[in-house]
Amino acid sequence: SRLTGQLRQLNRESSRLARGEDATPIKVVNARDEIGELTTTFNQMAASISSQKMQLVSSNDELQSQQEELVAQQEELQMQQEELEEALDTTLRNETHLRYRNELTETLASRETLTAYPAIIEKLITITDAELGAIVFLDDDRYTDIVSYGMTPDQQHQLLHSSISLLERARMHKHAVRSTKQVTSDHPLPYPYSMYETVVPVMDPSTNTMIASIYLVRYRDQFNEEQTEEIWSFSRQLALSLLRMRVFDEIEREREKTSKLLHSIREAVIYIEDDKIFANKPLLALFHHPSHDQFNEGLMTLDVKIEELAVQVDQHDAFLEYMSRVCRHDIPTEGLSLSLNKEERFVQVYAEGIQYGGRFRGTMLVLRDVTIETGIDRMKS
């Protein structure tokens, strides 16, 4: 009975081990017989299995904790990646925005004619996320020209000729104005958004009058204060560009007037300013200059040196000394009589310094052809 009881207990505890349960230690009745040795060995084996099971459970818990930590780290990395992607996207947008700003600033600073303004309004639309827009030019309270991007002829006509146009409101109030309109059903856009307009005047700071205006339209949302202030900044640069263009136009008109006055003089004239030599048509003819055949009625710079002109002067050294004094701004008060090409022509040279704006500007040389007078004097002699 004792032996069979221990065997049944061994069988029962073995079954529990087989099912993955913890075995209860079996009491050893007689450690010296075979059943006692088997029971001792079984108890040791059960204890070892239980210890290993506890180690495995502990390892599994640790691995589970590590896995959860890895999942948390992965989620954090995913969030950081999304933040980096968003930051990169923002940086790229800012770089593009800054590049367009720089291009716009360079365009406003370098161009002097209306050919630059289509690029200017296009960049303004890109910077402000607008849909369409225009630059409208004003002269003596009259709209003279419009440079648009994305606008139809009907939209341009309505903008220029409407009595309640935003342009007129901006001109009267001399500050930025806004308007919101509901997009009509026949509008080509596929969404029923409103039409948000803004006009920023371009002011002449010297007279506080509007010389142009910037017109922009968006269909998603209104222009915010930051964007409006940015457009104001560009309007001030545009004002400087327009005023500079007017100055260049005025200089060009003065240049053309000076050119016509210079070429209307029958005497040969040389005007020396710094290292530039300007001449009129009679001088080109007097010196048989090659540029005479390509003369185009414009104020032109002779592509020659004084030394090259002196080659045709019989009094070579005297002419060079006279021109040296002129270039040193030591204007001779006396004239100089010369002959050209072995007395083919006789000329009388006079020099006069030109000063305006409180400083020396250049020297005007008049070469009067006295060949006929010299011939008559020789006949008399």
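Worth knowing before you read on, the calculation uses all heavy atoms, side chains too, and leaves out hydrogens, waters and symmetry mates.
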Donor-acceptor under 3.5 Å ([X] side chain, [Y] main chain):
X	Y	value
E13	T24	yes
S48	Q44	no
R178	F223	yes
D314	E343	yes
S50	A47	no
R345	L340	no
S58	M54	no
N43	I26	yes
T91	A87	yes
N280	V269	yes

Transitive ILVMFWY side-chain link F360 to V326, under 4.5 Å:
no
So if you build clusters from Ile, Leu, Val, Met, Phe, Trp, Tyr with side-chain heavy-atom gaps below 4.5 Å, do L283 and Y350 land together?
no
Does any non-hydrogen side-chain atom of [Y] lie less than 4.5 Å from one of [X]?
X	Y	result
T39	Q9	no
V217	Q155	no
W232	P201	yes
V202	F137	no
I35	R2	no
Y322	L338	no
K380	I376	yes
F346	R378	yes

Exceeds 12 heavy-atom contacts within 6.0 angstrom, atom [atom1] of [X]:
X	atom1	answer
Q64	CD	yes
H157	NE2	no
R325	CZ	yes
E352	CD	no
Q66	CD	yes
R19	CZ	yes
E37	CD	yes
E86	CD	no

Nearest 0.5 Å, please: how far is [atom2] in [Y] from [atom1] in [X]?
X	Y	atom1	atom2	result
Y215	I146	OH	CD1	9.0 Å
L70	Q74	CG	CD	8.5 Å
L17	I49	CG	CD1	5.0 Å
Y149	T126	OH	OG1	6.5 Å
L216	I214	CG	CD1	7.0 Å
R218	E131	CZ	CD	8.5 Å

Applying side chain to side chain donor-acceptor pair (under 3.5 Å) to E168 and Y143, what does each step give before you reach the verdict?
CA-CA 10 Å; E168 290 300 313; Y143 297 108; 2.8 Å; yes
Assess whether a salt bridge exists between E229 and R236, defined as any Lys/Arg side-chain N lying under 4.0 Å from an Asp/Glu carboxylate O.
yes
Please determine whether side chain to side chain donor-acceptor pair (under 3.5 Å) holds for the pair T152 and D154, giving the CA-CA distance in whole Å, both sets of side-chain angles, and the decisive distance to 0.1 Å.
CA-CA 5 Å; T152 64; D154 291 339; 5.2 Å; no
Using a 4.5 Å side-chain heavy-atom cut-off and chaining through intermediate ILVMFWY residues, the residues clustered with M79 come out as none
